[in-house]
2 protein chains.
Amino acid sequence: MESQRKIFVEKVGVRTEKMGYSPLAGRIIGALLLAEPPYMTFDSLCEYLNASKSSISTNLQFLMHDGSGMVEYFTLPGDRKRYFKISIDNWVKHIKEIPKEFQQSKDLLEEILSYRKSNMLDNEFSTNIEELLSFYEFMLEKLPTLIEEWEERRKKNN
Amino acid sequence: MESQRKIFVEKVGVRTEKMGYSPLAGRIIGALLLAEPPYMTFDSLCEYLNASKSSISTNLQFLMHDGSGMVEYFTLPGDRKRYFKISIDNWVKHIKEIPKEFQQSKDLLEEILSYRKSNMLDNEFSTNIEELLSFYEFMLEKLPTLIEEWEERRKKNN
DNA sequence: TTATTAGTTCTGTTAATAACGAACTAATCG
DNA sequence: CGATTAGTTCGTTATTAACAGAACTAATAA
């Protein structure tokens with residue numbers, strides 16, 4: 001059913017917006033996830049999403065280069081259209097980078113903590129920050145191993 | 001050094017904005033993380049951040065209730081000021097809810113996958129989606145245990 | 001070599017968010 | 001009871017982000 005599909009596209013859009021993307025970027029992801037065959041041309045995206053060429057262009061650029069690389073395209077010989085599709089590989093790569101976010105929070109908290117320790121009387125609050133820090137550290141220690149573990153499983157099952 | 005502190009406040013602000021908060025909300029977190037003693041009154045926040053009462057009020061409400069609960073306040077007998085401070089406990093609680101985000105992505109992908117399977121010819125792309133899904137599933141299986149493991153360590157070290 | 005296609009880039013408009021200020025409320029103090 | 005304090009709410013303004021439209025570019029095709 002065609003309307004069911006559009007509902008999915010919007011749902012995916014809303015989810016994707018929570019990753020910090022624009023509404024249209026979200027809908028592009030949605031459209032590509034639900035496309036049959038699983039790719040779309042520039043024009044079909046414009047038409048299907050009722051969006052201007054400029055917006056589609058900008059957002060595709062973002063999704064391919066600046067953002068996560070979740071979208072990529074392939075070409076066919078003797079055809080200058082680009083066929084845009086989801087790159088599941090890059091999607092996975094992107095999720096796997098969550099620890100980097102943790103790392104940045106951790107680094108900043110560490111800086112703050114050392115500032116507090118050398119400039120302030122208070123001790124109890126610093127202890128609390130240390131606890132939070134220990135959580136980040138723990139996660140940063142464990143997550144990479146966990147991800148590797150999944151990679152192993154993945155290889156086996158192929 | 002007082003200027004060093006303000007730089008930290010802004011840095012924290014930028015980081016916090018990436019969690020989807022407003023710039024001012026970010027700066028409030030920053031100010032409270034660097035405050036000595038580690039709490040501030042409503043007025044001192046206004047003054048220190050050069051922000052209006054209304055903005056401080058709105059953002060404190062958000063940080064206390066709608067958002068993560070990363071800020072809370074305490075009172076003192078015979079003093080009607082509120083003393084706002086970071087709640088490290090709620091901060092940790094908030095981070096621990098990352099799996100919920102994973103869950104929602106996973107659920108949506110599952111819906112899409114079952115839609116694709118029953119309505120579309122294509123098979124290869126669905127297989128790719130399944131791989132992505134398996135990553136979410138794996139993480140959702142492992143993360144809670146990991147978090148528990150940290151809780152155990154935490155109790156021991158106290 | 002001109003016309004068409006496929007997309008990009010630039011500029012303007014609209015819509016959404018963030019922040020402000022002034023008026024308000026509820027509590028306390030003199 | 002005013003007067004003051006501590007914060008909230010509401011209507012407005014300013015900033016930012018999203019999108020559109022038209023002009024542009026690079027490549028192919030006739």
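Letters A, B, ... are given to chains in the order of the sequence lines, protein chains preceding strands, and every chain is numbered from 1. This one's a predicted model, so the numbers in the text were calculated from it and none came from an experiment. Side-chain atoms are counted along with the backbone in the values below, which use heavy atoms only and exclude waters and symmetry mates.
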query: Quick one: B:Arg27 CZ to C:dA19 C1', roughly how many Å, whole number?
result: 10 Å
Distance below 4.0 Å between A:Arg82 side-chain N/O and C:dT8 OP1 or OP2: yes
Integer-rounded Å distance: D:dC19 P and A:Leu49 CG: 10 Å
- prompt: So which nucleotide from D:dT8, D:dA29, D:dT9 ends up closest to the side chain of A:Arg80?
  reply: D:dA29
task: Measure from NZ or CZ of A:Lys6 to the centre of the six-membered ring of A:Tyr48 and say whether it is under 6.0 Å with the direction within 45° of the ring axis.
output: yes
- request: Could you state the atom-to-atom distance from CE of A:Met64 to C1' of C:dA6 in whole Å?
  value: 13 Å
message: If I take atom CG in residue A:Asn59 and atom P in nucleotide D:dA17, what distance separates them, rounded to the nearest angstrom?
response: 14 Å
- prompt: For the side chain of B:Pro23, counting heavy atoms from C-beta on, which of D:dT4, C:dA19, C:dC20 is nearest?
  reply: C:dA19
message: Please report the distance, rounded to the nearest Å, between CG in B:Leu60 and P in C:dA18.
response: 15 Å
task: Report the distance from atom CG of A:Leu24 to atom P of D:dG21, rounded to the nearest whole Å.
output: 13 Å
Nucleotide D:dA20, atom P - distance to CG of A:Asn50 in whole Å: 9 Å
task: Just compare C:dG7, C:dT9, C:dC20 and give me whichever is closest to any side-chain atom of A:Ser54.
output: C:dT9
task: Hey, which sits more toward the 5' end of DNA chain D by its nearest nucleotide, B:Ser55 or B:Asp43?
output: B:Asp43
- prompt: Which part of the nucleic acid, if any, lies within contact of B:Ser22, taking any heavy atom under 4.0 Å across all strands shown: a base, the sugar-phosphate backbone alone, or nothing?
  reply: sugar-phosphate
Chi angles and distances behind the salt bridge (charged side-chain N to carboxylate O under 4.0 Å, His left out) call for B:Arg154, B:Glu148: CA-CA 10 Å; B:Arg154 184 195 197 185; B:Glu148 253 177 64; over 6 Å; no
- request: Establish, with yes or no, whether the OP1 or OP2 oxygen of D:dA6 is under 4.0 angstrom from a side-chain nitrogen or oxygen of B:Lys81.
  value: yes
task: Under the salt bridge (charged side-chain N to carboxylate O under 4.0 Å, His left out) rule, what do A:Glu36 and B:Arg116 come out as? Steps first, then yes or no, please.
output: CA-CA 9 Å; A:Glu36 163 72 5; B:Arg116 288 195 71 90; 3.7 Å; yes
- request: Take atom CD of B:Glu47 as the centre, draw a 6.0 Å sphere, and report whether it contains more than 12 heavy atoms from other residues, nucleotides or ligands.
  value: no
- request: Quickly work out the B:Tyr21 OH to D:dT16 P distance and round it to whole Å.
  value: 22 Å
field: Spacing of CD1 belonging to B:Ile88 relative to CG belonging to A:Leu132, to within rounding of 0.5 Å
entry: 5.0 Å
query: Between C:dG7, D:dG7, C:dA19, which nucleotide has the shortest distance from any of its atoms to the side chain of A:Phe42?
result: C:dG7
statement: Contacts of A:Ile56 and B:Thr41 projected onto DNA chain D by closest heavy atom; the upstream (5') one is B:Thr41
query: In terms of the nearest nucleotide of DNA chain C, which residue is placed more toward the 5' end: B:Ala51 or B:Asp79?
result: B:Ala51
